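It should be emphasised that the depicted structure is a prediction, and the values quoted were computed from it without experimental measurement.
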Amino acid sequence: MSNIIEITDFYAPELDVYARLSEVQLLRLYEPNPGIFIAESPKVIERALNAGYEPISCLVEDKHLDGEAKDIVHRLQDIPIYTASSEILTKLTGFQLTRGMLCAMKRSLLPSIEEVCANARRIAVLEDVVNPTNVGAIFRSAAALHMDAVLLTSACSNPLYRRAARVSMGTVFQVPWTYLDKEDGITKLQQLGFKTAAMALSDDSVSIDNAKLMSEEKLAIVLGTEGDGLTLNTIANCDYTVKIPMSHGVDSLNVAAASAVAFWQLGIRE
């Protein structure tokens with residue numbers, strides 16, 4: 001295939017996106033237009049392609065050209081596919097490639113909150129969740145456990161950052177998402193007909209299996225940052241404050257674990 005290019009020059013500008021630009025630089029590459037992200041592993045790349053994201057180039061370990069990356073390589077015959085041995089790619093990128101494949105892709109314009117929520121009955125709201133591993137894990141749980149969409153405040157780790165997308169197993173390309181304003185986001189959701197449930201420990205918290213809470217027609221489950229949880233202002237503005245009952249003196253779960261419990265309990269299974 002004529003588009004497969006063996007790497008001979010580590011400093012070729014075409015490889016900057018893989019070796020020399022940070023996630024933030026990729027995000028802002030074409031400002032004010034959307035930038036670039038790097039998808040890692042054939043499964044994640046496949047889900048991004050199926051969601052309509054446009055590929056720019058790929059970086060593939062040579063032994064995977066006829067292995068795990070084969071189907072993607074044949075699908076992408078119109079873009080450059082750079083290849084080399086594992087030893088050379090590790091020297092270039094500084095890390096082992098998961099499943100031996102990376103793909104640089106163009107970001108898309110994000111939908112509006114109204115578009116994301118138009119047909120949703122259950123959504124997750126993330127407030128300042130900064131760890132990309134947690135963001136990715138929450139998206140995976142959202143996809144598996146009956147959430148229709150995810151909304152994030154601007155301080156959250158970007159869902160298309162490489163680690164977040166990889167941990168999500170590509171579900172960041174399947175679950176609709178966009179950003180909402182931290183200051184008036186809860187009010188916005190209430191105006192769209194959602195009851196809002198703040199996941200927080202409080203004296204007036206209801207249990208996650210509360211019958212009225214579970215029966216709400218449209219519900220937004222609001223989860224906070226890994227350390228401090230939700231702000232007091234967010235908790236005060238929500239319709240419910242909700243806790244997961246604990247045992248053995250444990251007071252709380254990691255936000256990703258808490259999200260999975262909440263989505264399973266409060267999701268609509270039809």
Side-chain angles (χ1 to χ4, degrees), residues 23-24 26-39 44 47-54 105-132 134-199 218-225 230-231 234 237-238 255-256 259 262-263 266-268:
E23 298 267 28
V24 174
L26 293 173
L27 175 64
R28 297 175 177 172
L29 196 60
Y30 299 135
E31 284 186 335
N33 296 318
I36 288 174
F37 67 93
I38 304 297
V44 173
R47 286 182 167 168
L49 292 171
N50 291 344
Y53 286 90
E54 181 181 347
M105 312 187 87
K106 293 182 179 179
R107 288 176 176 265
S108 301
L109 289 171
L110 290 175
S112 67
I113 294 173
E114 289 80 3
E115 289 170 328
V116 167
C117 295
N119 298 309
R121 296 176 62 190
R122 291 292 186 270
I123 62 174
V125 179
L126 309 187
E127 181 180 275
D128 301 353
V129 178
V130 299
N131 187 311
N134 283 336
V135 169
I138 291 168
F139 265 87
R140 189 173 183 181
S141 293
L145 302 174
H146 319 292
M147 293 295 107
D148 300 311
V150 177
L151 300 176
L152 309 95
T153 62
S154 61
C156 286
S157 179
N158 191 282
L160 300 192
Y161 281 171
R162 179 184 159 196
R163 184 168 182 80
R166 188 182 75 212
V167 170
S168 83
M169 291 298 293
T171 55
V172 293
F173 307 114
Q174 297 176 309
V175 178
W177 64 273
T178 196
Y179 289 103
L180 84 167
D181 187 87
K182 182 175 177 178
E183 300 305 317
D184 63 6
I186 298 301
T187 300
K188 178 73 170 179
L189 290 173
Q190 291 166 337
Q191 291 171 346
L192 292 173
F194 286 88
K195 294 295 185 179
T196 51
M199 300 299 300
K218 296 173 70 174
L219 186 67
I221 301 166
V222 189
L223 298 136
T225 185
L230 296 170
T231 65
T234 296
N237 287 335
C238 283
V255 64
S259 75
F263 298 164
L266 299 174
I268 296 175

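You'll find the side chain of Val116 stays beyond 4.5 Å of the side chain of Tyr179, heavy atoms only. Within the 4.5 Å cutoff, the side chain of Tyr161 has heavy atoms near those of the Val24 side chain. Inter-residue side-chain proximity for Ile221 and Met147 is flagged as met; some heavy-atom pair is nearer than 4.5 Å. A 4.5 Å side-chain heavy-atom check between Thr234 and Ile186 finds at least one atom pair inside the cut-off. Within the 4.5 Å cutoff, the side chain of Ile138 has heavy atoms near those of the Val255 side chain. Contact of the Leu151 side chain with the Thr178 side chain is registered, since non-hydrogen atoms from C-beta on lie closer than 4.5 Å.
Between Gly136 and Val167, the shortest heavy-atom contact is C-CG1, 3.9 Å. Counting all heavy atoms, side chain and backbone alike, Val44 lies closest to Ala165 at CG2-O, 3.9 Å. A pairwise comparison of heavy atoms in Ala220 and Phe194 identifies N-CD2, 4.1 Å as the closest pair. Val175 and Ala143 get closest at one heavy-atom pair: CG2-CB, 3.6 Å. When all heavy atoms of Asn134 and Ala256 are compared, the closest pair comes out as OD1-CB, 3.7 Å. Across Ala164 and Pro159, no two heavy atoms sit closer than the pair CB-O, 3.6 Å.
With Lys218 contributing its side chain and Cys117 its backbone, the two residues share no donor-acceptor pair below 3.5 Å. Asp184 places no side-chain N or O within donor-acceptor distance of the main-chain N or O of Thr187, the cut-off being under 3.5 Å. A donor-acceptor pair under 3.5 Å links the side-chain atoms of Arg122 to the main chain of Leu266, judged by distance alone. Proximity of a side-chain donor or acceptor of Glu23 to a complementary backbone N or O of Arg162 within less than 3.5 Å is detected.
The CG atom of Asn237 sits 11.0 Å away from atom CG of Leu230, with the distance rounded to the nearest 0.5 Å. Going from atom CG of Leu26 over to atom CD1 of Ile36 covers 6.0 Å, rounded to the nearest 0.5 Å. To the nearest 0.5 Å, atoms OG (Ser259) and CG (Leu145) are separated by 8.0 Å. With values rounded to the nearest 0.5 angstrom, Leu189 atom CG is found 6.0 Å from Leu180 atom CG. A distance of 4.5 Å separates CH2 of Trp177 from CG of Leu160, quoted to the nearest 0.5 Å. Here Arg163 contributes atom CZ and Asn158 contributes atom CG; the two are 15.5 Å apart, rounded to the nearest 0.5 Å.
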Would you sort out whether Asn50 and Gln174 count as a side chain to side chain contact (heavy atoms under 4.5 Å, CB included), showing the intermediate values?
CA-CA 9 Å; Asn50 291 344; Gln174 297 176 309; over 6 Å; no
Pair His146-Ile268, side chain to side chain contact (heavy atoms under 4.5 Å, CB included): steps then yes or no:
CA-CA 6 Å; His146 319 292; Ile268 296 175; 5.6 Å; no
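For the side chain to side chain contact (heavy atoms under 4.5 Å, CB included) test, residues two or more places apart in sequence or in another chain that qualify with Ser168 are Phe139, Thr171, Val172. For Tyr53, the ring pair (Phe, Tyr, Trp, His ring centres under 6.0 Å) partners two or more places apart in sequence, or in a different chain, are Phe37, Phe173. Checked against side chain to side chain contact (heavy atoms under 4.5 Å, CB included), Glu115 has the following partners two or more places apart in sequence or in another chain: Pro111, Ser112. Residues forming a side chain to side chain contact (heavy atoms under 4.5 Å, CB included) with Lys182 (at least two apart in sequence, or on another chain): Glu127, Asp128, Thr153, Thr231. When the salt bridge (charged side-chain N to carboxylate O under 4.0 Å, His left out) test is applied to Asp148, no partner is found at least two apart in sequence or on another chain. Checked against salt bridge (charged side-chain N to carboxylate O under 4.0 Å, His left out), Lys188 has the following partners two or more places apart in sequence or in another chain: Glu114.
Residue-environment remark: CG (Asn33) exceeds the threshold of 12 foreign heavy atoms within 6.0 Å.
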